[in-house]
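Single-structure report; data block below.
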Number of protein chains: 2
Amino acid sequence: MAYQRESLVAQAREIREASGVSQRALSERAGLTQSHISQIESGKMEPGLSSFIDMTRALDLELVLVPKKLVPAILNLVKAQATPSMHIHAGQPNDKRFARAERLVKQLRQIYGSSADLDRIDDLLRFLRRVNLSDQEMQLVRELIDRLDHHQASAQAAPIVREIAQNLQRLRNSIAHAAPSEPRPAYSLDDGDADA
Amino acid sequence: MAYQRESLVAQAREIREASGVSQRALSERAGLTQSHISQIESGKMEPGLSSFIDMTRALDLELVLVPKKLVPAILNLVKAQATPSMHIHAGQPNDKRFARAERLVKQLRQIYGSSADLDRIDDLLRFLRRVNLSDQEMQLVRELIDRLDHHQASAQAAPIVREIAQNLQRLRNSIAHAAPSEPRPAYSLDDGDADA
DNA sequence: AGAAACGATACATAATTATATATAGAGACA
DNA sequence: TGTCTCTATATATAATTATGTATCGTTTCT
């Protein structure tokens with residue numbers, strides 16, 4: 001029965017995380033304490049109605065009261081709209097990641113000399129850096145960069161570098177001709193019925 | 001700042017009264033005490049999130065969390081189904097709506113030229129026109145057509161058109177999926193065809 | 001390795017909600 | 001008038017939220 005409350009709180013949390021806002025930042029904007037938010041989000045305490053409203057308002061959300069009957073229709077609207085503009089926030093850490101990646105490439109060049117694959121990676125990074133990436137996409141980039149880092153000292157670096165280049169290329173392609181037939185979700189458009 | 005909370009509580013109260021439910025009756029269905037509800041409704045005390053949810057659930061309402069951006073659209077939906085004056089019923093008006101929609105698409109084609117999205121919308125409209133839509137579904141279609149109308153003159157029509165196409169597609173998918181997944185019993189152990 | 005940010009948790013304490021029960025005042029109805 | 005039902009209050013008490021401050025364990029970046 002506490003069901004619905006949990007769902008709402010979980011939604012709020014997902015959206016907070018998706019927009020790259022920390023509990024602390026949110027706590028300031030909402031006028032609550034970080035520990036308070038933590039406890040609410042982790043279900044250890046139930047928020048008062050206006051505490052919850054304060055949280056959601058600080059996330060550009062609103063609580064609305066609707067007849068059960070047209071909840072599905074409304075979820076449709078929300079879902080459809082959730083994709084495009086979600087990424088106004090969170091400008092910071094990505095740049096740093098790219099910077100790190102470019103440093104890495106530079107180091108690899110010094111170790112192994114220039115290679116076509118490295119040039120390609122360099123190019124692709126410059127491209128990707130300028131694009132608005134979804135969380136999922138950024139996640140992929142991150143993993144690839146980590147792999148690059150990890151195998152930097154490896155004896156068999158060359159094939160791995162090539163594979164990474166291919167992966168980045170694939171990502172760029174998928175972004176470049178942005179899906180006319182299949183409008184893929186830029187970020188999770190779940191309605192949370194399966195996970196938790 | 002407590003404005004929103006008051007508004008929600010006031011809405012709940014209005015709806016309770018409009019449906020002729022007494023505080024006492026509501027208190028039993030919601031599992032709260034009458035005095036509790038009285039204090040909440042008169043603003044003398046602020047409900048916890050789940051107390052409020054219990055109240056609203058007992059009134060066949062639901063709290064949903066939506067981006068501020070599309071609150072107006074949602075209020076439209078809610079209002080449309082709340083006012084008995086606007087009722088659609090009757091077989092005819094739907095056809096007219098679709099006809100209007102198709103004229104709209106035609107006009108858009110003349111203004112902006114053909115586009116994949118417009119083609120898709122055209123297709124989807126033809127499909128939806130032939131299907132029996134529930135009131136809710138028709139409501140959604142109506143809302144989408146209205147949006148198409150409103151943004152017809154907009155400079156940035158393209159992304160909106162795409163979004164509308166996606167919405168219609170989603171609706172079609174939900175219809176197409178729902179029908180065949182029914183086991184289709186050879187002998188009818190039907191449940192009455194109300195779609196609700 | 002060290003610094004920084006993040007989320008979870010641990011208190012102590014103040015403030016408020018929630019429950020139970022009872023009753024008062026207003027309005028409708030016979 | 002007497003009786004209903006409904007909402008608003010009045011307690012007293014138990015339970016929970018909310019604040020402040022501080023710390024712990026992780027992860028991430030330098």
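Reminder, nothing fancy here: chain letters follow the sequence lines and each chain counts from 1.
When rounded to the nearest whole Å, the span between CG of B:Leu32 and P of D:dT7 equals 14 Å. As a whole-Å value, the separation of B:Met55 CE from D:dT7 P is 11 Å. Distance CG (B:Leu49) to P (D:dA18): 10 Å, rounded to an integer number of Å. One atom, CE of A:Met45, and another, P of C:dT16, lie 15 Å apart when rounded to the nearest Å. Following rounding to the nearest Å, A:Arg24 (CZ) and C:dA8 (P) show an atom-to-atom distance of 11 Å.
Minimum atom distance to the side chain of B:Lys44 is reached by D:dT9, of the listed C:dA8, D:dT19, D:dT9. Here D:dA18 is the nucleotide among D:dG20, D:dA18, C:dG7 with the atom lying nearest to any side-chain atom of A:Pro47. Here the nucleotide nearest the side chain of A:Gln23, chosen from C:dA18, C:dG7, D:dT7, is C:dG7. Listed candidates were C:dA18, C:dC6, D:dC6. Nearest to the side chain of A:Ser22 is C:dC6. Counting only heavy atoms from C-beta on, A:Arg13 has its side chain closest to C:dA8 among C:dA18, C:dA8, D:dA8.
Contact check for B:Ser51 versus B:His36: side-chain heavy atoms found under the 4.5 Å cut-off. Side-chain atoms of A:Ile40 and B:Leu49, non-hydrogen and from C-beta on, never get closer than 4.5 Å to each other.
Among residues two or more places apart in sequence or in another chain, the side chain to side chain contact (heavy atoms under 4.5 Å, CB included) test is passed with A:Leu59 by A:Arg16, A:Leu26, A:Leu61.
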Show the numbers, then the answer: is there a side chain to side chain contact (heavy atoms under 4.5 Å, CB included) between A:Arg29 and A:Val21? CA-CA 10 Å; A:Arg29 276 200 271 168; A:Val21 179; 3.4 Å; yes

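Residues of residues 35-42 of chain A having a heavy atom closer than 4.0 Å to DNA chain D, listed by number: A:Ser35, A:His36.
A:Glu28 has no carboxylate O lying under 4.0 Å from a charged side-chain N of A:Arg24, or vice versa, which leaves the two without a salt bridge.
The side-chain contact (heavy atoms from CB on, under 4.5 Å) with A:Gln23 is formed by just one residue from the set A:Ile37, A:Thr33, A:Leu32; it is A:Ile37.
The shortest distance between the side-chain N/O atoms of B:Ser51 and the OP1/OP2 oxygens of C:dA18 is below 4.0 Å. Distances shorter than 4.0 Å separate some side-chain N or O of A:Arg16 from OP1 or OP2 on C:dG7.
Counting distance only, with no hydrogens placed and no angle test, the side-chain atoms of A:Gln34 and the base atoms of C:dA5 include no donor-acceptor pair under 3.5 Å.
Heavy-atom minimum distance, A:Leu65 versus B:Phe52: CD2-CZ, 4.3 Å.
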